[in-house]
Amino acid sequence: MRSENRTAGQTADRTFIETARRAQIMAAAIDTIAELGYGKASLARIAETAGISKGVISYHFDGKDDLVRELIAELITRAAAYMRPRIEAEPTGAGMLRAYVESNVALVHEYRNHVLATVEVALNARAADGSR
């Protein structure tokens, strides 16, 4: 029986094992997309990177688009949690700007593959009709 897929914010009903497996799949997707590019990062390649079968990915995600949406949502959440406290701790506009730039650079350094994967997705994103 397939578990019900949920968006990034709906994790309360997931078991520890489901949460860990989804995190493993997302980490493999990040590394695969960062290394091979979005177009070559098939679910089969992501599964190979994770050391699991493609069916395990399909159990947890509704496909590559669903997985990618979760990756982007995770980066946005991480970026906000990482950068916001540093920016808000500054009392001046100039300090806030400096904290924004410095924390953004630090985020890119610390989460390099995640940022690379996100940029790769953004550069290759297409609507159903093929338009960007």
Side-chain angles (χ1 to χ4, degrees):
M1 183 166 95
R2 183 174 179 185
S3 70
E4 181 183 321
N5 291 328
R6 299 166 190 89
T7 61
Q10 297 173 315
T11 60
D13 296 337
R14 289 193 190 123
T15 67
F16 174 80
I17 292 173
E18 287 174 322
T19 301
R21 180 63 79 185
R22 288 172 69 86
Q24 175 193 17
I25 293 166
M26 289 189 9
I30 290 164
D31 291 344
T32 303
I33 294 169
E35 180 184 342
L36 302 175
Y38 179 76
K40 292 184 181 179
S42 64
L43 290 182
R45 293 298 293 260
I46 293 167
E48 182 182 320
T49 300
I52 59 175
S53 73
K54 183 179 163 185
V56 174
I57 295 175
S58 297
Y59 180 84
H60 291 281
F61 296 94
D62 285 333
K64 187 175 177 182
D65 289 344
D66 184 37
L67 176 56
V68 167
R69 270 190 298 279
E70 290 235 13
L71 293 177
I72 301 303
E74 181 185 317
L75 179 62
I76 291 167
T77 300
R78 277 189 192 191
Y82 190 91
M83 294 172 62
R84 182 171 283 132
R86 291 162 175 81
I87 296 165
E88 290 175 351
E90 294 296 326
T92 66
M96 292 173 84
L97 179 59
R98 185 185 72 254
Y100 171 81
V101 171
E102 289 174 353
S103 63
N104 199 331
V105 170
L107 176 85
V108 169
H109 177 73
E110 189 168 332
Y111 295 101
R112 182 180 184 274
N113 275 0
H114 208 138
V115 173
L116 283 173
T118 302
V119 169
E120 185 64 32
V121 168
L123 292 175
N124 291 285
R126 299 257 179 205
D129 66 359
S131 64
R132 287 197 174 268

Of the non-hydrogen atoms in [X] and [Y], which two are nearest, and what is the gap between them?
X	Y	value
Lys64	Tyr38	NZ-O, 2.6 Å
Tyr82	Ser103	CE2-O, 3.5 Å
Leu71	Ala29	CD1-CB, 3.8 Å
Arg21	Ile52	NH1-CG2, 3.1 Å

Who are the side chain to side chain donor-acceptor pair (under 3.5 Å) partners of Arg84, not counting sequence neighbours? none
Within this structure, what is the [atom1]-[atom2] distance for the pair [X] and [Y], rounded to the nearest 0.5 Å?
X	Y	atom1	atom2	result
Ile25	Thr32	CD1	OG1	11.5 Å
Thr49	Leu36	OG1	CG	7.0 Å
Glu120	Ile30	CD	CD1	14.0 Å
Asn104	Arg86	CG	CZ	11.5 Å
Gln24	Ile57	CD	CD1	9.0 Å

With sequence neighbours excluded, residues passing side-chain contact (heavy atoms from CB on, under 4.5 Å) with [X]:
X	value
Leu75	His114, Val115, Thr118
Ile76	Ile72
Ser53	Val56
Leu116	Ala34, Arg112, Asn113

What salt bridge (Lys or Arg N to Asp or Glu O under 4.0 Å) pairs are there with at least one residue in residues 31-58, not counting sequence neighbours? none
Going by salt bridge (Lys or Arg N to Asp or Glu O under 4.0 Å), name the residues that satisfy it together with Glu102, two or more places apart in sequence or in a different chain. Arg98
I'd like to check Met26 versus Phe61 (side-chain heavy atoms, cut-off strictly below 4.5 Å). Are they in contact? yes
Do Leu123 and Val108 sit in the same hydrophobic cluster, where Ile, Leu, Val, Met, Phe, Trp and Tyr count as joined when their side-chain heavy atoms come under 4.5 Å apart? yes
